[in-house]
Amino acid sequence: MSLLEVKNLKKSFGRIEVLKGINVSLNEGETLSIIGPSGGGKTTFLRCCNLLEIPTEGKITVGDHLIYYSNDGEKLSDDELRERRRHFGLVFQNFNLFPQYTALQNVALAPTLQKMGTPDEIEDRCIGILARVGLSDRLNNYPHQLSGGQQQRVAIARALALSPEILFFDEPTSALDPELTGEVLKVIRQLAEEKTTMVIVTHEMSFARQVSTKVCFIADGVVAEEGTPEKVFDHPENERMIAFLGKLNAR
Amino acid sequence: MFQTVIAALNQGFVKSLEVFYLTLLGAIPLGLIISLGAMGKLKLLKGIIKVLVWVIRGTPLMLQLLVIYYGPGLIFGNNIWGSGSDGRFTAAMIAFILNYACYFSEIFRGGIEGVPKGQQEAGEVLGLTKSQIFFKITLLQVIKRIIPPMGNEIITLVKDTSLVRVIAVYEIMWEGQAFIKSDGIIWPLFFTGVFYLLFNGLLTLLFGWLEKKLDYFKV
């Protein structure tokens, strides 16, 4: 049985329907890449899963846990929202590190506030996580003292510190130059090898192809094409996908 | 003579200081409440606040002092402030607190709205509560942002305290000017400037120190 199950997810902003019924399922340990044209609904899909946007319709489950079901009709309280978001981690396009905290403090903040151990335990764990993303020597630097790539790696560590079941990435390298992109992708690749369940919205096609077990092409608010990277990239059937790849290759 | 003047000016300066710190004490919390109302969801409240801020910022504080002190008596035939100096002081404080709360509310609103939305969202996806997000993430960033404009406003307040004399609250400039009539000397009036300069010098140092304290991060 799949870990993440999204059924018929719809989201409208005013009269504009951004998501028109998205179905996605993902097994534990898999890496799903979501690709597609800008404005097609990729980021909205991610934000709906994390309940930063409340979907208009549909159902989201993680294992046995219900995340969202429109037929419940009830408005979720802040506490319920927090409880349900616990299953997920999210890494933003522009990092969103807390500027007044050092790298280590950024990572340790949420575990500390949620009393996930004694201060020493939490600190040791967070130092370990920062070492995993290659930042052992940057523990006490503030975000403005770090490069974009380093900031994004701190953001990844911060998400990992809560041990989420599924880690989401919203175009994690779009704000970075090519040189810095590499160091972030390396960390994500390493996480994929460790069988972290991940959903990555990305424009890095070759990366998506190498690292994912599954690729979804979202355009015009629907999943237009999905499957293994080989299928989606080498044998696409959907016209939009073929056109999208054509433009990429023409570059 | 010099000692007599200094004693009188000191007495007036104590009054000025009272106006100063009581205004801050009242206007900072009231300003915060007004700014929260201005950013809230209630359309009617937002409208009322917009008009209030427009009127208060759009008219001279001196006029507001006069209207608040004399208005109730003239309009309702009932001087709610009484005739004593306590009543005049209370009226002055209400005018000052209301006036400064409106200015502060705009500074607070700017400071709060200036914190990128991503900061709050990052807190939300990390499972923090609304109050944890406010106190652990947003607040310090807001404080850092509002220190320079607040410094400006507070230094202006020091000088604005001289306005309370229009409803005969005896602050330092009143005391200085009194020597023109009683002794035919004007230097005590000019000397009040030294008090303002010294006090604002202290405040400038304090704000400079605060800014430096928060220099370790960038927003």
Side-chain angles (χ1 to χ4, degrees), chain A residues 43 46-47 49-53 77-102 105-116 140-146 151 154-155 157-164 166-170 175, chain B residues 28 32 35-37 39-43 46 107-151 206-219:
Chain A
T43 294
L46 220 63
R47 291 173 61 85
C49 288
N50 284 278
L51 300 176
L52 286 175
E53 306 286 354
S77 71
D78 285 346
D79 283 344
E80 280 170 318
L81 279 176
R82 271 189 302 123
E83 193 52 45
R84 292 176 184 206
R85 283 189 188 121
R86 261 173 201 280
H87 303 281
F88 306 123
L90 174 60
V91 175
F92 297 87
Q93 183 176 347
N94 45 5
F95 332 135
N96 290 335
L97 291 182
F98 307 130
Q100 70 265 47
Y101 295 125
T102 62
Q105 288 168 335
N106 261 280
V107 179
L109 181 68
T112 305
L113 291 175
Q114 286 158 27
K115 303 192 174 63
M116 292 172 74
N140 298 318
N141 284 105
Y142 289 92
H144 75 274
Q145 299 166 323
L146 300 172
Q151 288 189 49
V154 174
R158 184 174 70 174
L160 287 172
L162 294 174
S163 316
I166 306 171
L167 191 51
F168 288 82
F169 293 81
D170 185 10
Chain B
I28 289 175
L32 196 58
S35 72
L36 293 178
M39 292 182 295
K41 288 187 182 115
L42 297 170
K43 284 241 166 70
K46 279 173 116 156
I107 293 176
F108 295 158
R109 192 171 64 86
I112 293 170
E113 286 179 347
V115 177
K117 188 131 203 297
Q119 291 289 307
Q120 188 185 330
E121 289 186 346
E124 283 176 10
V125 297
L126 289 171
L128 307 190
T129 64
K130 282 228 160 85
S131 78
Q132 285 171 337
I133 291 173
F134 181 74
F135 287 109
K136 298 286 179 181
I137 299 171
T138 317
L139 184 61
L140 196 62
Q141 295 182 41
V142 173
I143 291 175
K144 184 178 167 85
R145 278 164 194 277
I146 66 173
I147 282 178
M150 282 300 277
L206 174 72
F207 276 96
W209 176 80
L210 273 175
E211 250 178 75
K212 215 168 185 142
K213 268 264 159 191
L214 293 179
D215 224 16
Y216 68 90
F217 71 94
K218 302 256 182 296
V219 288

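Chain identifiers are assigned alphabetically (A, B, ...) following the order of the sequence lines, protein sequences preceding nucleic acid strands; residue numbering begins at 1 within each chain.
For A:Leu51, no part lies under 4.5 angstrom from a heavy atom of chain B. Residue A:Arg158 touches chain B through both its backbone and its side chain, counting heavy-atom pairs closer than 4.5 Å. Proximity to chain B involves both the backbone and the side chain of A:Leu113, based on heavy atoms less than 4.5 angstrom apart.
Between the side chain of A:Gln100 and the backbone N or O of B:Gln141, no donor-acceptor pair lies under 3.5 Å. Although no hydrogens or angles enter the test, the distance criterion places no donor-acceptor pair under 3.5 Å between the side chain of B:Gln132 and the main chain of A:Ala110.
Residues B:Lys144 and A:Pro99 form no side-chain contact, since every pair of their non-hydrogen atoms from C-beta on lies 4.5 Å or further apart. A:Tyr101 is listed as a side-chain neighbour of B:Lys136, based on a closest heavy-atom distance under 4.5 Å.
To the nearest 0.5 Å, the span separating NZ on B:Lys117 from CG on A:Leu52 amounts to 7.5 Å.
A search for side-chain contact (heavy atoms from CB on, under 4.5 Å) contacts involving A:Ala157 returns A:Val107, A:Ile129, A:Leu130, A:Val133, not counting sequence neighbours. Every residue two or more places apart in sequence or in another chain that forms a ring pair (Phe, Tyr, Trp, His ring centres under 6.0 Å) with A:Phe88 is listed here: A:Phe168.
For residues 122-130 of chain B, the interface with chain A (any heavy-atom pair closer than 4.5 Å) comprises B:Ala122, B:Gly123, B:Glu124, B:Val125, B:Leu126, B:Gly127, B:Leu128, B:Thr129, B:Lys130, sorted by residue number. Using a 4.5 Å heavy-atom cut-off against chain A, the contacting residues of residues 207-219 of chain B are B:Tyr216, B:Phe217, B:Lys218, B:Val219.
No other option in A:Arg86, A:Arg85, A:Glu83, A:Gln145 has as many heavy-atom pairs under 4.5 Å with chain B as A:Arg85.
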